[in-house]
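Predicted model, so just to flag it, every value in this text is computed and none were measured.
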Amino acid sequence: MQPKPFHIMAKPMGPRCNIACEYCYYLEKEKQFPQEKKFKMADDVLETYIRQLIEASLEGGMAEVPFAWQGGEPTMLGVDHFRKIVALQEKHTPKGVKVTNAFQTNGILLDDDWGTFLKENNFLVGISIDGPKKVHDRYRVDRQQRPTFDSVMRGLDVLQRHEVEHNALTVVNRGNGGKGKEVYKFIKSLGIDFIQFIPIAERNAASGDGLAAAPQVDMDPGNTVTKWSVSPRAYGKFLCDVFDTWWNNDIGKIYVQYFDVQLGLWMGMPSTLCVYAETCGNGLAVEHDGSLFACDHFVYPEYRLGNITEKPVREMVWTDRMDEFGQAKKTDLTKQCQSCSFRFACNGGCPKQRFATSKDGEAGHNYFCESYTMFFRHAGERMQRMVRTIQAGRPAADAAR
């Protein structure tokens, strides 16, 4: 197949984490590695991954090589481990090629040593904050069930004192789903200008002994959602409430990923986020042992592509198997979704969340369909106003004046 741009999210600590968020879908991945004790990417696997990602990225015509580190909790590896990562990147990167690094953290282990390193090496850091103290601590607790908010705020202080580029990742869950304005205003008050809102919706397994498999593995729509999952109506209202507050005060000042992505779609551009793209398959995940999976949300045996120590990344990314995985997002839409006037703005959403039934009773419909349509009807006219403003050569903020 023709090489093309792609993205891989690396899990150098696998699912191992220093806290135990009640809603975390990734902690249960430990079950897939029953013999594993340390959950740490070995040095030889790490170097293999860095070398192969650089080579494949350049072959795919990418302008720069993006490394994304997540978990679990990547800071558990320690700052010296990430110094080693940067050294290996420098070793394998051809002259003139730009490498970028980003990682997602709960912020608890950040200190001044981390702050200095992250600033000097231009890391982009996403820090997980679900809202004010009481809201945040509803689900984000440590392994002793103790609240984590104060520790996260200390980590945020490290990033800000060292002027590390950072953004907030907020999981929209059952506890904060009805508090859109409160959550948004709080994160804004922290001096954070870039915000990602990620809705959580996980199904209980039919047996009741854990989370269900991905929809394409187990299409049983009868599985109930977990108690921490946000309801479609609550998430729709959350988006509308945040949009209204942002529209009235913060266009051009605060950047909300969802609104930025939607504006591009309403302008007729391709989605910059896989969730709302017409097809998927360009966002993969590599586990600590070198196993490569089709997607971060599909780390199941059925979606394991191979291991980078046995087969190069380039031979697993650009294959008919990955193309079929990506095209299925488009071809497996329900009839309701196919005929929807807002299809251009969501394209059926993430396949992982297609475990609901359509109005006609068809399986495989997105759980957040109601959320999206609520938002599109609420904000659509203002989206169109921003489009016209930008097309007239003026900043989007002028649309709100």
Side-chain angles (χ1 to χ4, degrees), residues 1-12 46 48-70 85-86 88-90 92-104 122-124 126 165 167 169 194 196 198 255 257-258 260-265 267-287 290-299 303-308 311-331 344-352:
M1 289 186 62
Q2 183 70 27
K4 59 182 180 179
F6 66 96
H7 184 269
I8 297 180
M9 188 176 292
K11 310 281 187 173
L46 177 65
T48 296
Y49 172 64
I50 289 172
R51 175 176 53 80
Q52 289 188 12
L53 182 62
I54 292 170
E55 292 171 352
S57 296
L58 296 178
E59 186 175 352
M62 298 165 68
E64 58 187 36
V65 183
F67 283 86
W69 310 97
Q70 200 177 49
I85 285 173
V86 170
L88 288 172
Q89 290 171 340
E90 292 174 349
H92 292 288
T93 303
K95 187 176 181 179
V97 174
K98 182 180 180 181
V99 166
T100 63
N101 282 283
F103 72 50
Q104 186 64 37
N122 300 310
F123 270 59
L124 170 63
E165 187 176 359
N167 58 53
L169 187 153
F194 296 85
Q196 300 179 59
I198 309 296
Y255 298 89
Q257 182 191 50
Y258 182 79
D260 288 348
V261 171
Q262 282 302 314
L263 181 57
L265 286 164
M267 292 182 70
M269 300 165 62
S271 176
T272 55
L273 188 65
C274 60
V275 175
Y276 309 108
E278 190 172 25
T279 61
C280 59
N282 297 324
L284 301 91
V286 64
E287 258 292 345
S291 294
L292 188 66
F293 292 85
C295 174
D296 176 47
H297 290 292
F298 287 81
V299 179
Y303 296 93
R304 184 179 182 275
L305 304 174
N307 193 293
I308 62 171
K311 185 186 296 186
V313 166
R314 62 176 307 281
E315 293 183 15
M316 293 185 278
V317 174
W318 303 308
T319 63
D320 290 340
R321 180 181 179 186
M322 277 301 295
D323 185 60
E324 291 171 3
F325 174 81
Q327 291 294 326
K329 182 181 182 185
K330 177 180 178 180
T331 58
F344 73 93
C346 77
N347 287 299
C350 180
K352 181 188 178 182

message = Does atom CD (Glu165) have a neighbourhood of more than 12 heavy atoms from anything else shown, all under 6.0 Å?
response = no

task = Measure the shortest side-chain to side-chain distance between Pro66 and His7 over non-hydrogen atoms and say whether it is less than 4.5 angstrom.
result = yes

task = For the residue pair Ile85 and Ile50, establish whether any side-chain heavy-atom pair is separated by less than 4.5 Å.
result = yes

request  = Check step by step if side-chain contact (heavy atoms from CB on, under 4.5 Å) holds for Leu284 and Leu305.
outcome  = CA-CA 10 Å; Leu284 301 91; Leu305 304 174; 3.5 Å; yes

message = Let me confirm one number: the CD-CG distance from Gln257 to Leu169, rounded to the nearest 0.5 Å.
response = 8.0 Å

request  = Examine distances only and state if a side-chain atom of Trp69 and a backbone atom of Asn101 form a donor-acceptor pair shorter than 3.5 Å.
outcome  = no

message = Does any part of the side chain of Val299, heavy atoms only, come nearer than 4.5 Å to the side chain of Lys11, both counted from C-beta?
response = no

Value rounded to 0.5 Å, distance of CE in Met9 from CZ in Phe103 = 13.5 Å

query = Hey, mind stepping through Tyr255 and Asn167 against side-chain contact (heavy atoms from CB on, under 4.5 Å) and telling me if it holds?
reply = CA-CA 10 Å; Tyr255 298 89; Asn167 58 53; over 6 Å; no

query = Roughly how far apart are Cys280 SG and Glu278 CD, rounded to 0.5 Å?
reply = 11.5 Å

task = Start with the C-alpha distance between Tyr49 and Ile8, add both sets of side-chain angles, then the distance that settles side-chain contact (heavy atoms from CB on, under 4.5 Å), and finish with yes or no.
result = CA-CA 10 Å; Tyr49 172 64; Ile8 297 180; 3.4 Å; yes

ask   = Where is the tightest heavy-atom contact between Leu265 and Phe344, given as atom of each residue plus distance?
value = CD2-O, 3.5 Å

message = Keeping Lys329 on the side-chain end and Val275 on the backbone end, is there a donor-acceptor pair under 3.5 Å?
response = yes

key: Distance (rounded to the nearest 0.5 Å) between Gln196 CD and Asp260 CG   = 10.5 Å

request  = Check Asn347 against Ala277 and note the closest heavy-atom contact, atom names and distance.
outcome  = CB-O, 3.4 Å

message = Set out, in order, the CA-CA distance, both residues' side-chain angles and the distance that settles side-chain contact (heavy atoms from CB on, under 4.5 Å) for Met322 and Phe6, then state yes or no.
response = CA-CA 11 Å; Met322 277 301 295; Phe6 66 96; over 6 Å; no

ask   = When rounded to the nearest 0.5 angstrom, what is the spacing between CG in Asn282 and CZ in Phe325?
value = 10.5 Å

query = Under 3.5 Å, is there a donor-acceptor pair between the side chain of Glu64 and the main chain of Lys98?
reply = no

task = State, yes or no, whether a side-chain contact exists between Pro94 and Leu58 at a heavy-atom distance under 4.5 Å.
result = yes

remark   = Minimal heavy-atom distance between Ser291 and Asn307, with the atoms involved, is N-ND2, 3.4 Å

key: Partner of Gln89 under side-chain contact (heavy atoms from CB on, under 4.5 Å), chosen from Val97, Leu53, Val99   = Val99

ask   = Rounded to the nearest 0.5 Å, how far does NZ of Lys311 lie from CD of Gln52?
value = 11.5 Å

